[in-house]
Amino acid sequence: MFDLNASETKFAILVVRQACRLVKLIQAEMVTPALTKEDRSPVTVADFASQALVGKMLEEAFPNDSLVGEEDSTALRQPAERQTLDQVTYFISRLFPQSDPEKVCTWIDRGGADPARRFWTLDPIDGTKGFLRGDQYAIALALIVDGRVQLGVLGCPNLVDGYQFELSGPGSLGVAVRGAGAWIGSLEDGVEVQARLNVSGQSDPGRARLLRSFESGHTNLSQIDQFAEALGVQAEAVRMDSQAKYLVLAAGRGEIYLRLLSPRQPDYKEKIWDQAAGSLLVEEAGGRVSDLHGKSLDFTAGRQLLNNRGLLASNAHLHPAAMHALRTIQA
Ligand code: AMP
Ligand code: MG
């Protein structure tokens, strides 16, 4: 239905690149060594600013399309949050000088829609803890039509060539179009995205590279060990924040990405904006994505993947063996 030259694809690439530039600016100006561990204000400002930018640009490019974003302006409109709103407005004004706090809130709230027949879904900053730590994070935008992800764009400012960590490098941009393929490029404007993404051909479980959340609370550490043992994986799992893991997998730099359920939140349901763009990247790069029971991800159930449990993404070759290992450990 779409291709790399479709106006939707070009829009998504442009807006994700701009949003990455904006949040990098906020990070550079607000994340200082003096920041206390509890102070989440840079990520709060960056989250809202990123969603406001995408909301505004979507309104201009596709006024009839709705946006399902992670944020809404309710908290931001409280008097106690006035300073945060002013900071968001300040950063947005550097791109759009005619901005004011009311407009900023309206742009953010464009992301408050419920899923429709055709809609976009946005994670304005995925991996907020990585953003604050100076590790990996991503901006993820996807277009869903009739319950299927058709287009996914992922901006990873601290990832180079889809695998290497680099702060202040050109970053990586992953683009996937259903039925057409997946590509990787940089976050620099105007640079064509033309290198194809392909998953690894590794079929030996012993040599598989596992990818897992950096945050232990987002997964189950003892089950990861049991899984690795059941599958015969030798190497330690790679810890990484955000959907950057999907891009690493799509680029053939890892074989298996697991989201096991935290013992503290065994009923956790994945959010659509956390999985839409990245899962299409892996599928279009030749990989497979399912939940822990082997079911396809169901994007028709609202803002969450209510009909799925956890996640298993792989280079396809290792999917059956990984599913078998999951059954063995009863994850
Ligand atoms: P990651 O960096 O892979 O851990 O993914 C970050 C995403 O994990 C965030 O965007 C959250 O939406 C999501 N998340 C929050 N709590 C949990 C949880 N208990 N289990 C799994 N994912 C979670
Ligand atoms: Mg997220």
**Message:** Please evaluate residues Lys56 and Lys103 with respect to the criterion side chain to side chain contact (heavy atoms under 4.5 Å, CB included), reporting the C-alpha separation (whole Å), side-chain torsions for both, the decisive distance (0.1 Å), and the verdict.
**Reply:** CA-CA 9 Å; Lys56 178 190 182 347; Lys103 281 185 188 158; over 6 Å; no

Please answer: with hydrophobic residues joined when any side-chain heavy atoms are less than 4.5 Å apart, are [X] and [Y] in the same cluster?
| X | Y | value |
| --- | --- | --- |
| Val238 | Leu221 | no |
| Met57 | Val88 | yes |
| Phe91 | Leu132 | yes |
| Leu122 | Val43 | yes |
| Ile184 | Val289 | yes |

Show the nearest heavy-atom pair for residues [X] and [Y], with the distance to one decimal.
| X | Y | value |
| --- | --- | --- |
| Ile108 | Gln51 | O-NE2, 2.9 Å |
| Thr89 | Ser93 | O-OG, 2.5 Å |
| Ala49 | Ile26 | CB-CD1, 3.7 Å |
| Tyr137 | Gly127 | CB-O, 3.5 Å |
| Gly155 | Pro157 | O-CD, 3.5 Å |
| Pro320 | Ala316 | CD-O, 3.6 Å |

**Asked** So Phe62 and Ser7, side chain to side chain contact (heavy atoms under 4.5 Å, CB included) or not? Walk me through it.
**Response** CA-CA 10 Å; Phe62 297 100; Ser7 49; 4.1 Å; yes

Let me confirm one number: the [atom1]-[atom2] distance from [X] to [Y], rounded to the nearest 0.5 Å.
| X | Y | atom1 | atom2 | value |
| --- | --- | --- | --- | --- |
| Ile125 | Ser50 | CD1 | OG | 6.0 Å |
| Tyr257 | Lys245 | OH | NZ | 4.0 Å |
| Leu258 | Leu231 | CG | CG | 9.0 Å |
| Ser186 | Leu159 | OG | CG | 12.5 Å |
| His218 | Leu260 | NE2 | CG | 13.5 Å |
| Thr9 | Leu4 | OG1 | CG | 6.5 Å |

**Asked** Are Leu58 and Val15 close enough, and set up right, to give a side chain to side chain contact (heavy atoms under 4.5 Å, CB included), and what steps lead you there?
**Response** CA-CA 9 Å; Leu58 185 64; Val15 74; over 6 Å; no

Taking side chain as C-beta onward, heavy atoms only, is [X] less than 4.5 Å from [Y]?
| X | Y | result |
| --- | --- | --- |
| Glu284 | Trp183 | no |
| Asp274 | Asp126 | yes |
| Leu22 | Ile92 | yes |
| Val149 | Ile272 | no |
| Leu143 | Phe11 | no |
| Phe299 | Leu305 | yes |
| Ile144 | Arg118 | no |
| Pro124 | Phe48 | no |

**Request:** Please report the C-alpha distance between Arg77 and Ser73 in whole Å, then the side-chain angles of each, then the deciding distance to 0.1 Å, and finally whether the side chain to side chain donor-acceptor pair (under 3.5 Å) criterion is met.
**Result:** CA-CA 6 Å; Arg77 288 177 188 270; Ser73 77; 2.8 Å; yes

**Request:** Using side-chain contact (heavy atoms from CB on, under 4.5 Å) as the criterion, list what pairs up with Arg17, not counting sequence neighbours.
**Result:** Ile13, Leu173, Leu187, Asp189, Val191, Val193

**Item:** Side-chain ion pair, Glu270 and Arg259, N-O less than 4.0 Å
**Value:** yes

Within a reach of under 6.0 Å around [atom1] of [X], are more than 12 heavy atoms found that belong to other residues, nucleotides or ligands?
| X | atom1 | value |
| --- | --- | --- |
| Arg239 | CZ | yes |
| His293 | NE2 | yes |
| Gln83 | CD | no |

For a quick test of your reading: what N or O donor-acceptor pairs under 3.5 Å do the side chains of residues 207-217 make, sequence neighbours left out?
{"residue": "Arg209", "atom": "NE", "partner": "Glu255", "partner atom": "OE1", "Å": "3.0"}
{"residue": "Arg209", "atom": "NH2", "partner": "Gly252", "partner atom": "O", "Å": "3.0"}
{"residue": "Arg209", "atom": "NH2", "partner": "Glu255", "partner atom": "OE2", "Å": "2.8"}
{"residue": "Arg212", "atom": "NH2", "partner": "Phe214", "partner atom": "O", "Å": "3.4"}
{"residue": "Glu215", "atom": "OE2", "partner": "Arg133", "partner atom": "NH2", "Å": "2.5"}

**Steps toward side chain to side chain contact (heavy atoms under 4.5 Å, CB included) verdict (Trp120, Arg110)** = CA-CA 11 Å; Trp120 298 79; Arg110 266 209 111 242; over 6 Å; no

**Prompt:** Taking only residues at least two apart or on different chains, which pairs with a member in residues 303-315 satisfy side chain to side chain donor-acceptor pair (under 3.5 Å)?
**Reply:** Ser200-Asn315, Asp291-Asn308, Asp298-Asn307, Ser314-His319

**Item:** All pairs passing side chain to side chain donor-acceptor pair (under 3.5 Å) where residues 224-233 contributes a residue, at least two apart
**Value:** none

For the backbone of [Y] and the side chain of [X], can you confirm whether one donor and one acceptor N or O come within less than 3.5 Å of each other?
| X | Y | answer |
| --- | --- | --- |
| Gln27 | Phe131 | yes |
| Gln243 | Trp273 | yes |
| Thr121 | Ala142 | no |
| Lys10 | Glu8 | no |

**Request:** Check side-chain hydrogen bond (donor to acceptor under 3.5 Å, both in side chains) between Glu192 and all other residues, then give those that pass, not counting sequence neighbours.
**Result:** none

**Results of salt bridge (Lys or Arg N to Asp or Glu O under 4.0 Å) for Glu81 - residues two or more places apart only** = none

